[in-house]
Protein chains: 2
Amino acid sequence: MDERDIRLLKAISDLGTGSPERLNEETDIPVSTIHYRLNNLQESGIIQNDLYDLDLEEVGLDVTVLVQLSTDYHGTHHDFEETILEVEGVSQAYFTMGQTDFVVIAHLPDRELVERLITDLERIDEVRSTNSTFVVSTLRHSTRAFESYELETLLSEFTAE
Amino acid sequence: MDERDIRLLKAISDLGTGSPERLNEETDIPVSTIHYRLNNLQESGIIQNDLYDLDLEEVGLDVTVLVQLSTDYHGTHHDFEETILEVEGVSQAYFTMGQTDFVVIAHLPDRELVERLITDLERIDEVRSTNSTFVVSTLRHSTRAFESYELETLLSEFTAE
DNA sequence: AATGAAATCGACCAGCA
DNA sequence: TGCTGGTCGATTTCATT
C-alpha cells in the first residue's frame with residue numbers, strides 16, 4: 001500500500017462511492033490505474049467485497065480501543081459532540097445512559113496514536129475522565145446490521161401481517 | 001419498506017454486492033424492479049450512498065445497546081465465540097482486556113428484541129453475567145474507518161519516507 | 001508496474017404495456 | 001410493476017512505456 005492506494009481508499013470513504021470516474025475526479029489518478037489498483041487491493045484482501053469494506057487488520061488499523069468518557073456535559077453544547085467526532089480514529093461514538101456518559105470506539109494503527117487519541121479526548125473541556133479498554137481480538141466488526149439477522153426475523157419485524 | 005425491500009437489503013448485506021444481476025439471482029426479483037426499489041430506498045434515505053450503507057434509524061434498527069459480558073471463558077472453546085455471534089442483532093463483538101471479558105454492540109428494532117438478546121446471551125453456558133447500557137443517541141456509527149482520519153495522517157502512518 | 005485505446009458488458013433511465 | 005431498448009459508465013484486453 002503506497003500513497004496512491006491510501007488516496008483511493010480515503011476518497012472512497014469520503015465520497016461514499018466506488019465509481020472509477022468519480023474517484024478519478026477526486027484523485028486525478030487515471031481511470032485505468034484506478035481499476036488496476038482496486039483489483040490489487042481486492043486480491044490482497046484489503047478490500048473485502050464490492051461494497052469496499054476494509055479489512056481493518058490488513059489495512060493496518062489493528063488496534064481497537066473502547067473509551068468511556070465521564071463528562072460535565074448536559075446536552076446543551078452541540079459543539080461538544082462535534083469536538084469528539086473531530087478526534088482522529090473515532091469510528092463510533094455513543095451518548096449513553098448510566099455511569100459513563102459517552103462511549104467511543106476507535107480503530108488505530110499503533111500505540112502511539114492511542115496515546116494521541118486519549119490525549120485529544122482528555123484535552124476537551126467537558127471531559128472529566130476517561131477509561132480505556134483494549135480489544136484483544138475482534139470477533140465481528142460489521143457495519144451491515146442486517147447480516148446478523150435471519151431473514152425470517154427481519155420479515156416478521158418489519159412487515160405488517 | 002415491504003417484504004421485497006427487506007429481501008433486497010438482506011441480500012446486499014449477505015452477498016456484499018449491490019450488483020442488480022447478482023441480487024436478481026438471489027432474490028428472483030426482476031432486475032428492473034431491483035433498480036426501482038433501490039432508487040426508492042435511496043431517495044427515502046434508508047440507503048445512504050453508493051456503498052449501500054444503511055441508515056439505522058431509517059431502517060428501524062434504532063435501539064442500540066452495549067452489553068458487557070463476564071465469562072468463564074479462557075480462550076479454549078472456539079465454539080463459544082461462535083455462539084455469541086449467532087445471537088441475532090450482534091453487530092460487533094470484542095474480546096477485551098480488563099474486568100469484563102467481552103463487549104457486544106447490538107442494533108435492534110425494539111425493546112422486545114433487546115429482551116431476547118439479553119436472554120440469548122445469558123443462556124450461554126460460559127456467560128456469568130451481563131451488564132447492558134442503552135445508547136441514548138448515536139453521534140457516529142461508521143464502518144468506514146478512514147473517514148475519521150485526515151489524509152495527511154494516513155499518508156504519514158502508512159507510507160515509508 | 002502504469003497507462004491509454006478499443007471493445008465488450010452490465011448498469012441505468014425512459015417510455016410503454 | 002415489469003418489460004424493452006437505448007445510452008452511458010464500468011470493466012477487460014491489449015499494446016505501449
Side-chain angles (χ1 to χ4, degrees), chain A residues 1-55 58-60 143-144 146 151 154-156 158-161, chain B residues 1-55 58-60 143-144 146-147 151 154-161:
Chain A
M1 264 211 334
D2 61 4
E3 166 164 349
R4 282 192 145 181
D5 289 329
I6 306 278
R7 282 185 190 279
L8 267 181
L9 296 174
K10 172 71 173 158
I12 290 172
S13 294
D14 288 350
L15 298 175
T17 185
S19 156
E21 200 177 54
R22 300 281 320 282
L23 294 173
N24 163 263
E25 289 168 19
E26 181 77 8
T27 63
D28 282 324
I29 300 172
V31 174
S32 67
T33 305
I34 290 178
H35 278 285
Y36 178 72
R37 293 281 182 153
L38 290 182
N39 264 337
N40 289 344
L41 288 170
Q42 279 211 336
E43 269 164 30
S44 60
I46 291 174
I47 289 173
Q48 295 176 327
N49 53 27
D50 289 0
L51 310 177
Y52 300 94
D53 287 330
L54 291 182
D55 185 314
E58 288 287 336
V59 88
T143 174
R144 320 228 149 259
F146 273 17
L151 180 58
L154 294 171
L155 290 176
S156 68
F158 294 118
T159 60
E161 285 91 75
Chain B
M1 262 208 337
D2 62 4
E3 168 165 348
R4 284 193 143 177
D5 288 329
I6 306 279
R7 282 185 191 278
L8 267 180
L9 295 175
K10 172 72 174 157
I12 290 173
S13 293
D14 288 350
L15 269 47
T17 185
S19 155
E21 202 177 55
R22 301 282 320 283
L23 295 173
N24 164 263
E25 289 168 20
E26 182 77 8
T27 62
D28 283 325
I29 299 171
V31 175
S32 67
T33 305
I34 290 179
H35 278 286
Y36 177 73
R37 294 281 185 153
L38 291 182
N39 263 337
N40 289 344
L41 288 170
Q42 280 211 336
E43 269 165 29
S44 60
I46 290 174
I47 289 173
Q48 293 175 328
N49 55 25
D50 289 0
L51 311 176
Y52 300 93
D53 287 330
L54 290 182
D55 185 312
E58 288 289 335
V59 88
T143 175
R144 321 231 147 257
F146 272 18
E147 256 185 328
L151 180 58
L154 293 170
L155 290 175
S156 67
E157 277 297 324
F158 295 118
T159 60
E161 283 90 73

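Below, each value reflects all heavy atoms present in this structure, side chains not excepted, and no hydrogens, waters or symmetry copies. Each chain gets a letter, A, B and so on, in the order its sequence line appears, and its residues count up from 1.
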Pair D53(A) + R144(A), salt bridge at N-O below 4.0 Å: yes

Donor-acceptor contact present, side-chain Q42(B) to main-chain N49(B), <3.5 Å: yes

Separation between CG of L9(B) and CG of L154(A), rounded to the nearest 0.5 Å: 9.0 Å

Leading and trailing nucleotides of DNA chain C with any atom under 4.0 Å from heavy atoms of chain A: dA1(C) to dG4(C)

Annotated protein contacts, base or backbone, on nucleotides 1-17 of chain D with a non-hydrogen cut-off under 4.0 Å, one of B, S, - each: SSB------SBB-----

Pairing of D28(A) and R7(A) as salt bridge, 4.0 angstrom limit: no

S44(B) side chain near E58(B) side chain, heavy-atom distance below 4.5 Å: no

Side chain D2(B), main chain D5(B), donor-acceptor under 3.5 Å: yes

Sidechain-backbone polar pair: N24(B) side chain, I29(B) backbone, donor-acceptor under 3.5 Å: yes

